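Step one of this worksheet: look at the structure below.
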Amino acid sequence: MSFVVVGAGPAGVRVADRLAAAGQAVTLIGDEPGVPYDRVALSRYLAREVTAHDLRRPPALGVRHLAGLRIAAIDRAARRVIASNGRRIGYATLVLATGAAAFRLPLPGADLPHVRLYRTLADVETMIGAASRGGEAIVIGGGLLGLEAAAGLALRGMRVTVLHAADRLMERQLDPPAAARLQAHLAIQGMAVRTLANTQAITPAGVTLADGTQLPARLVVIAVGIRPNSALAAAAGLAVGRGIVVDDAMRTSDPAILACGECAEHRGQCVGLVAPALAQAEIAARTALGEPARYRASADSAALKIAGAPVWSAGEIAAPDTDALVLDDPDGGYRRLLLRNDRLVGAVLYGATEDAPWYMRLIRDARPLGALRDVLPFGPAFA
Ligand SMILES: Cc1cc2nc3c(=O)[nH]c(=O)nc-3n(C[C@H](O)[C@H](O)[C@H](O)COP(=O)(O)OP(=O)(O)OC[C@H]3O[C@@H](n4cnc5c(N)ncnc54)[C@H](O)[C@@H]3O)c2cc1C
């Protein structure tokens, strides 16, 4: 019995490692060149905190890894995948871990050579090359990834402007006071931020905004969100919504094919963080091995990896029918806690994030807070 995993990102590598550890023959196929790497750490690489070598995450011994090979089709009847170079590889069980791709805004000029998405090691190497020549950079997107890209480019000597369509940075995580603090911090580090900035076109010389403003740029980075890579599955006739539809065991509509990670859609949700992608990979591996396993989504956390601007958020960000407890202490940081039915359902910490694990536990436990509610914003030291 042979296993084939398509996609050598964190989820695919995890599945392959687990199958190899169970003594199974497994082939891991990825279209990116070279050794699999830690995508999450790309921002740290851009910010010179780690080297390219530190990013390497080779699969376990026993995994046959085919790098730089793109799977173009799945022949379900013959149980084989077909690569774009015509190579055919048979499977007994296929695991799709094709991840997601950064969304390229449908703007005039978005395909120009000085425009990069922020997703792969190749994207980051190009950004580093551009930064070595200095000059102006524009990052379109003021969410987590856009800000990490901006901070890295600024650290490498570029003059960076962040263009963000919403009225504040990271509007899905931060409310106005916290976003204002973050923007002030970025300004001190030399980054300009334009909110409510509606980009109309990218030109060889820079960017044109809807109000006619022209901003010069040698490098334009688009970081405005991701789309699950589900076209391969859709073309093979598998059920696909936003992502590849899977059940709790990570099975697709074809029982011989599983899917996990950012390409998958589980109970209507596609994940966008590495922890749930890996949790799904563990379930997919167990299902592939014939063990009973069920994936249950749980609250996840995300952190902004910019030196001096710690932001951590978990659970629900802005939900109806919730109460917010806010602590805005100019010295001790900013906290916004969302409660529903006397339970903590979401938290945003800015400035002082050392209590994050405690809030994460409270969100996951979902127990009534009772008297804890009154001291909740002050952290475990007061509980
Ligand atoms: C710069 C950056 C920073 C991030 N920071 C964080 C963070 O701090 N915390 C966090 O939780 N998450 C973070 N993420 C998100 C995290 O990287 C993803 O959640 C994670 O990579 C998802 O893993 P995956 O294996 O599902 O998909 P991917 O990592 O996208 O891997 C899928 C792989 O499959 C390949 N592939 C696709 N189609 C084919 C095909 N047809 N044939 C062969 N190969 C194919 C792709 O090229 C890719 O290599 C960050 C992402 C980026 C880009």
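Just so you know, these numbers use all the heavy atoms, side chains as well, and skip hydrogens, waters and symmetry mates. Quick caveat: nothing in here was measured; it's all calculated off a predicted structure. Start at 1 and go down the list; that is how both ligands and their atoms are numbered.
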Enumerated ligand 1 atoms positioned under 4.0 Å from heavy atoms of [X]:
X: A100; value: 30 (O)
X: L273; value: 10 (C), 11 (O), 12 (N), 19 (O)
X: V6; value: 40 (C), 42 (N), 43 (C)

Could you verify whether a donor N or O on one side chain and an acceptor N or O on the other, from [X] and [Y], lie under 3.5 Å apart?
X: T120; Y: D123; result: yes
X: R361; Y: Y359; result: no
X: Y91; Y: T27; result: no
X: E148; Y: Y118; result: no

What I want to find out is whether [X] reaches [Y] closely enough, with some N-O distance under 4.0 Å, to be called a salt bridge.
X: R335; Y: D355; result: yes
X: E316; Y: R340; result: yes
X: E32; Y: R39; result: yes

**Message:** Is the contact between D300 and ligand 1 made by the side chain, the backbone, both, or neither, using heavy atoms and a 4.0 Å cut-off?
**Reply:**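 Contact part for D300 vs ligand 1: neither.
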
**Request:** Select one of side chain, backbone, both or neither to describe which atoms of A97 lie under 4.0 Å from any atom of ligand 1, heavy atoms only.
**Result:** backbone

How close does the nearest protein non-hydrogen atom get to [atom], and which residue and atom is it?
atom: atom 44 (N) of ligand 1; value: D31 N, 3.0 Å
atom: atom 27 (O) of ligand 1; value: G99 CA, 3.1 Å
atom: atom 40 (C) of ligand 1; value: R70 NH1, 3.6 Å
atom: atom 25 (O) of ligand 1; value: A11 N, 2.9 Å
atom: atom 11 (O) of ligand 1; value: V274 N, 2.9 Å
atom: atom 49 (O) of ligand 1; value: E32 OE2, 2.5 Å
atom: atom 3 (C) of ligand 1; value: L145 CD2, 3.3 Å
atom: atom 19 (O) of ligand 1; value: E262 OE2, 2.6 Å

**Connected via hydrophobic side-chain network under 4.5 Å: L258 and V245** = no

I'd like a table of donor-acceptor pairs (distance under 3.5 Å, sequence neighbours excluded) in which one partner is a side-chain atom from residues 217-243, with atom names and distances.
| unit_1 | atom_1 | unit_2 | atom_2 | d |
| --- | --- | --- | --- | --- |
| R218 | NH1 | A130 | O | 3.3 |
| R218 | NH1 | G134 | O | 2.3 |
| N229 | ND2 | T98 | O | 2.7 |

**Request:** Flag G30 as yes when one of its N or O atoms lies below 3.5 Å from any N or O atom of ligand 1, and as no otherwise.
**Result:**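 No, no N or O pair falls under 3.5 Å.
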
**Asked** Of all the heavy atoms in L69, does at least one lie under 4.0 Å from an atom in ligand 1?
**Response**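 It does; at least one heavy atom falls under 4.0 Å.
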
